[in-house]
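Reading through the structure tokens given below for one structure.
If you're wondering where the values come from, they're calculated on a predicted model, not measured in any experiment.
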Amino acid sequence: TQLLEQSPQFLSIQEGENLTVYCNSSSVFSSLQWYRQEPGEGPVLLVTVVTGGEVKKLKRLTFQFGDARKDSSLHITAAQPGDTGLYLCAGVVNTGNQFYFGTGTSLTVIP
Amino acid sequence: KAGVTQTPRYLIKTRGQQVTLSCSPISGHRSVSWYQQTPGQGLQFLFEYFSETQRNKGNFPGRFSGRQFSNSRSEMNVSTLELGDSALYLCASSLGGLSSPLHFGNGTRLTVT
């Protein structure tokens, strides 16, 4: 069982559509990070959220940290082919000191 | 600033052999962590080194080991390779704080035949 479950696992959408990716856990996290990984490369950090209820925007991407710090979401507005990739959430459990990665969401945006 | 460099990019080994992977972190980063990525299991944490000491360890068998040198460069060794060890091995460096962002290399693709 993974500590961080992401849904959906796979997502294929048309250019211009909106989408939301979810990252859920039964554990409380001190912070959560979102990464995007493109084929043949390592993951690249998109954002870090620290405070429960926090919302951060990065151009067309909106990230939210749940009030209880157990979940997070990533919303993409008007998806573009350049958004294609594997999206990973990751975080450190409140009582721990190790990074855990989510199961990943593979997004394909079709032109 | 140069990014995280992993060598080699690709490796093909035979069952029973051993392999050593190398990681050069971003200058100034004292933490280096290693991950195994497979389609079925996703990103799994192997271990983390900070200032030459192993600070955290994941749930992998003792065949997987690592070390960090005084210049923060790190190596990971896998002995007695098994077919299931075929994976992308990623190294990430950071400043070392709990919420410090991880900077990943592009990985070493290991294939065990």
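- Shortest non-hydrogen contact noted between A:Pro43 and B:Leu43 is CG-CD1, 4.2 Å.
- Counting heavy-atom neighbours within 6.0 Å of B:Lys57 NZ, excluding the residue itself, gives a total above 12.
- There is no contact between A:Tyr100 and chain B, counting heavy-atom distances below 4.5 Å.
- Proximity to chain A is absent for every atom of B:Arg109, based on heavy atoms less than 4.5 angstrom apart.
- The candidate from B:Gly107, B:Pro101, B:Gly105 with the greatest count of non-hydrogen atom pairs under 4.5 Å with chain A is B:Pro101.
- Residue B:Gln6: no heavy atom, backbone or side chain, is found under 4.5 Å from chain A.
- Proximity to chain A (any heavy atom under 4.5 Å) is restricted, for B:Ser100, to the backbone atoms N, CA, C and O.
- Between A:Phe99 and B:Phe45 the shortest heavy-atom distance is O-CB, 4.3 Å.
- Residue-environment remark: CD1 (B:Ile12) stays at or below the threshold of 12 foreign heavy atoms within 6.0 Å.
- Only the side chain of A:Leu88 comes within contact range of chain B, with at least one heavy atom under 4.5 Å from a heavy atom of that chain.
- Residue contact with chain B, scored on non-hydrogen atoms closer than 4.5 Å, involves the side chain of A:Gln33 exclusively.
- Under the 4.5 Å side-chain heavy-atom criterion for Ile, Leu, Val, Met, Phe, Trp and Tyr, B:Phe64 and B:Tyr35 are members of distinct hydrophobic clusters.
- Connection of A:Leu45 to A:Phe101 is established within a shared hydrophobic cluster, with ILVMFWY side chains joined at heavy-atom distances below 4.5 Å, either directly or through further cluster members.
- Under the 4.5 Å side-chain contact rule for hydrophobic residues, B:Phe50 and B:Trp34 do not share a cluster.
- Note: the hydrophobic cluster containing B:Phe104 does not contain B:Leu21 (ILVMFWY, side chain heavy atoms under 4.5 Å, direct or indirect links).
- Here B:Leu88 contributes atom CG and A:Glu41 contributes atom CD; the two are 11.5 Å apart, rounded to the nearest 0.5 Å.
- Cluster annotation: A:Tyr22 is not connected to A:Phe65 through the hydrophobic network of ILVMFWY side chains, with a link wherever side-chain heavy atoms come within less than 4.5 Å.
- Residue B:Leu102 touches chain A through both its backbone and its side chain, counting heavy-atom pairs closer than 4.5 Å.
- Counting non-hydrogen atoms of other residues, nucleotides and ligands closer than 6.0 Å to CZ of B:Arg63 gives a total above 12.
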